[in-house]
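Structure first, commentary second.
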Amino acid sequence: MKRSGLSFVLLSLGLSLFAQNVKMPALIDSIHNLSMPIKVLGYGGGSGKTWSGFNKTDRLDDGSVRDRYSNTTRYFTPNNGDVSGMNIEHIWANSWWGHIQNFAYKDLFNLYPSDATANQRKSNNPIGVVTASDAFDNGVVKVGKGIDPGDGTTQTVWEPADQWKGDFARTYFYMASVYSNFGNLEVPAGKTGDEYKGLQLWTTAEGLRTVDPDSRLVMREGVYKLMLEWAKNDPVDQIEVSRADEIEWIQGNRNPYVDFPELAEYVWGDKSGQEFDIQQIKDKKNPDVIIEPDPDPSETVKFSVSPQSLVFTALPGQPSNAVKTTVYMQNVDPVGCTAQAEYPYQVSLDGETWSDEATTVNATQGFYVRFAGAETTGDYEGEIVCNASGADSRVLTAVCKVSEVSFWENFEVGSKGAYAAADVTGNAATWNLSNAMYASDAEKDHPRDGKCVRMKGYVASGGTVTTPAHIMMVSDKENGVGDLSFWATSYGTDTGVKIMVTYSLDSGQTCLNVAESISLGSGEMVQYSYKLNQKGKVRIKIESLNTGNKRACIDDIQMTDYNGETAVRDIYTGQDDECAQSWDLSGKKTAGSARGVVIRNGRKVVSK
């Protein structure tokens with residue numbers, strides 16, 4: 001699409017005049033105007049085309065393609081060509097607008113690399129829930145009979161894996177909003193560009209099973225209700241956020257339903273008719289991303305460093321654990337990023353040799369940052385200034401909390417953007433997170449700093465737990481434990497959320513109870529504190545007592561060293577456990593009927 005510099009400026013000025021608080025039906029028009037791509041890549045393989053975009057948006061660390069349609073591993077080609085055995089898949093099928101290569105046809109938010117066989121088997125069938133025998137099932141995509149969400153009849157539908165349902169739902173929300181003018185608007189006089197091709201289409205039989213061109217809601221009721229359900233059950237994760245970030249560099253626009261998942265409720269859900277502050281959508285755009293009309297990709301300089309804010313913890317007189325940064329450069333010559341750290345912070349290329357300055361040697365090499373140490377407790381702030389040739393400086397902010405607490409896991413170090421079980425190394429320990437992930441939604445997760453851990457319920461089949469939900473240390477805390485504390489709350493509006501806390505003295509083989517059942521409140525996090533007074537090597541485990549999407553958010557797990565006190569566990573917490581718990585003076589848990597002095601629900605009791 002060609003736009004003169006003047007028209008682009010006028011567009012920007014026009015957007016700035018929009019009212020801040022908007023409700024339906026004007027809301028969907030505002031989203032359309034604020035979220036249209038400035039440009040799109042050419043379609044297909046090769047430089048400046050779709051597969052070159054996928055090489056940024058869907059490339060794993062080993063060079064393989066992230067495929068949301070199969071478990072087959074395939075690798076990108078050196079020249080950004082088509083990948084053998086894969087297709088470019090349109091979430092909103094290109095047949096819906098007659099295969100015209102308009103912006104919607106080439107928009108990366110609507111395109112994903114797909115296993116060719118799965119793509120062909122799903123064909124142009126509507127998305128839905130397969131309820132009968134599967135005609136096709138490769139472990140990720142299912143095709144079979146189910147209820148067509150568009151008209152409620154039994155039809156052949158295709159169903160993605162649970163892991164990707166929310167991603168595809170937010171793609172549906174994006175397409176219905178950004179291309180909402182494809183339904184019933186006339187082509188403006190004198191306009192023939194790609195951005196206008198396709199108006200008054202959406203008339204194919206397949207398209208009309210999903211789209212209602214006469215409705216301001218664009219999607220048919222059964223479709224958007226199913227998408228709302230999927231979006232709720234599969235929340236936004238870091239994979240989705242990172243993909244949106246990369247697309248912004250390419251197209252100059254974002255998917256507001258990834259940035260603001262609750263926005264869909266204001267268009268299609270329970271909050272329809274309420275006002276939404278669209279200034280948030282404008283503010284979310286990265287000011288470093290400036291796409292001029294028809295930019296020359298051979299000349300555009302891109303330079304980014306993430307994360308932009310770093311949070312550390314450390315003991316007095318000791319350095320913190322290190323955080324690895326990610327650097328991305330394009331058309332920087334000479335290639336290299338110089339990072340200069342402000343005392344008491346240091347940088348390193350290998351995580352072993354530390355100084356106040358380090359320079360990378362290629363376009364994607366990152367560097368490490370750590371707090372060098374301080375003798376006194378307190379919060380220490382600093383900056384790391386990053387420079388690359390021909391680009392503005394990038395400034396990372398850092399803060400370190402120096403405390404006498406020997407173990408402080410704040411989940412600011414490391415990352416995990418999916419619920420699938422995996423180990424992740426934080427600033428205090430290595431943890432196994434099962435049905436749990438790093439999260440950062442200030443309104444719903446309530447992290448104490450930038451991030452916390454969000455844990456879903458466990459999955460069971462036939463009375464057997466098939467997927468546990470826990471946050472479990474897989475490395476030991478040395479020097480025992482005196483006091484244990486952590487902060488927790490329920491996610492968003494989830495209710496009835498319960499967790500259990502245990503510890504182990506034998507590398508996780510045997511778990512001993514700390515709190516059998518804690519009912520979490522909602523809103524801001526609450527601190528839960530316990531006295532363990534246990535010698536030796538200790539591991540902590542926090543697990544969900546719920547199934548499904550009753551989610552718990554956990555942050556700032558702290559433990560002091562064992563100080564030689566009696567092993568009687570005098571337990572206290574902000575909320576009473578639901579189950580009565582008793583221990584004798586040896587520290588063993590009792591059935592509650594033992595005579596003598598016991599600890600019951602955190603109180604010393606004389607039992608006669």
Side-chain angles (χ1 to χ4, degrees), residues 238 307 309-316 318-324 369-371 377 379-380 398-417 421-440 445-455 469-489 491 499-505 507-508 511 514-515 518 520 525-532 534 537-544 551-562 573:
Q238 189 57 47
S309 59
L310 307 168
V311 180
F312 301 90
T313 61
L315 289 168
Q318 297 184 20
S320 69
N321 284 352
V323 172
K324 177 71 178 296
V369 182
R370 76 171 185 180
F371 178 74
T377 61
D379 292 349
Y380 292 80
V399 62
C400 182
K401 300 176 183 294
V402 178
S403 168
E404 298 288 352
V405 177
S406 58
F407 182 103
W408 188 345
E409 183 59 77
N410 58 14
F411 300 109
E412 299 300 318
V413 175
S415 63
K416 184 174 181 291
D423 291 349
V424 60
T425 299
N427 60 282
T430 298
W431 301 81
N432 179 261
L433 304 186
S434 177
N435 247 358
M437 59 183 281
Y438 275 39
S440 59
D445 295 304
H446 302 286
R448 301 258 301 149
D449 289 307
K451 295 184 288 186
C452 64
V453 168
R454 183 197 305 153
M455 176 172 55
H470 62 232
I471 305 166
M472 178 175 65
M473 290 172 62
V474 292
S475 60
D476 295 319
K477 180 198 176 301
E478 305 286 346
N479 303 318
V481 175
D483 295 328
L484 162 68
S485 70
F486 60 88
W487 294 72
T489 189
Y491 172 80
I499 60 173
M500 177 179 183
V501 184
T502 58
Y503 71 98
S504 174
L505 302 175
S507 301
C511 290
V514 175
I518 303 174
L520 299 183
M525 287 192 171
V526 173
Q527 187 177 32
Y528 298 83
S529 301
Y530 304 86
K531 285 187 178 297
L532 265 65
Q534 295 293 332
K537 298 178 179 180
V538 179
R539 297 185 183 185
I540 298 298
K541 178 181 180 181
I542 301 175
E543 55 191 304
S544 174
R551 289 155 288 191
C553 302
I554 311 294
D555 204 358
D556 281 345
I557 300 175
Q558 298 184 17
M559 289 183 276
T560 62
D561 289 344
Y562 172 66
T573 179

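Throughout, residue positions are numbered sequentially from 1 according to the sequence presented.
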Check whether any side-chain heavy atom of [X] lies under 4.5 Å from a side-chain heavy atom of [Y], and answer yes or no.
{"X": "Val453", "Y": "Tyr438", "answer": "yes"}
{"X": "Tyr562", "Y": "Val481", "answer": "no"}
{"X": "Leu532", "Y": "Asp483", "answer": "no"}
{"X": "Ser507", "Y": "Lys537", "answer": "no"}
{"X": "Ile471", "Y": "Phe486", "answer": "no"}

What is the distance from atom [atom1] of [X] to atom [atom2] of [Y], rounded to the nearest 0.5 Å?
{"X": "Gln558", "Y": "Asn410", "atom1": "CD", "atom2": "CG", "answer": "9.0 Å"}
{"X": "Glu409", "Y": "Thr313", "atom1": "CD", "atom2": "OG1", "answer": "7.5 Å"}
{"X": "Tyr528", "Y": "Ser485", "atom1": "OH", "atom2": "OG", "answer": "12.5 Å"}
{"X": "Asp379", "Y": "Phe312", "atom1": "CG", "atom2": "CZ", "answer": "13.5 Å"}
{"X": "Leu505", "Y": "Gln534", "atom1": "CG", "atom2": "CD", "answer": "5.5 Å"}
{"X": "Lys477", "Y": "Ile557", "atom1": "NZ", "atom2": "CD1", "answer": "13.5 Å"}

task = Determine whether the side chains of Asp423 and Thr430 contain a donor N or O and an acceptor N or O closer than 3.5 Å.
result =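 Looking only at side-chain atoms, Thr430 and Asp423 do not form any donor-acceptor pair under 3.5 Å.
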ask   = Do we see a donor-acceptor contact under 3.5 Å between the side chains of Asp561 and Ser406?
value =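 Ser406 and Asp561 do have a side-chain donor-acceptor pair below 3.5 Å.
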key: Evaluation steps, side chain to side chain contact (heavy atoms under 4.5 Å, CB included), between Lys541 and Ser504   = CA-CA 8 Å; Lys541 178 181 180 181; Ser504 174; over 6 Å; no
Which atoms form the tightest heavy-atom contact between [X] and [Y], and what is the distance?
{"X": "Glu404", "Y": "Pro316", "value": "OE2-CG, 3.8 Å"}
{"X": "Ile554", "Y": "Ala488", "value": "CD1-CB, 3.7 Å"}
{"X": "His470", "Y": "Asn432", "value": "NE2-OD1, 2.7 Å"}
{"X": "Ala436", "Y": "Lys416", "value": "O-NZ, 2.5 Å"}
{"X": "Trp431", "Y": "Phe407", "value": "CZ2-CZ, 3.9 Å"}

query = By ring pair (Phe, Tyr, Trp, His ring centres under 6.0 Å), which residues pair with Tyr380, not counting sequence neighbours?
reply = Phe371
Set of residues satisfying salt bridge (Lys or Arg N to Asp or Glu O under 4.0 Å) with respect to Arg454, sequence neighbours excluded = Asp445
task = Can you spot which of Asp449, Asp556, Thr377 makes a side-chain contact (heavy atoms from CB on, under 4.5 Å) with Lys401?
result = Asp449
request  = Only one of Ile499, Val501, Asn435, Thr502 passes side-chain contact (heavy atoms from CB on, under 4.5 Å) with Glu543; say which it is.
outcome  =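 Among Ile499, Val501, Asn435, Thr502, the one that satisfies the side-chain contact (heavy atoms from CB on, under 4.5 Å) with Glu543 is Thr502.
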key: Side-chain ion pair, Arg448 and Asp555, N-O less than 4.0 Å   =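 Answer for the salt bridge query: no.
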Pair Thr489-Leu520, side chain to side chain contact (heavy atoms under 4.5 Å, CB included): steps then yes or no = CA-CA 5 Å; Thr489 189; Leu520 299 183; 5.8 Å; no
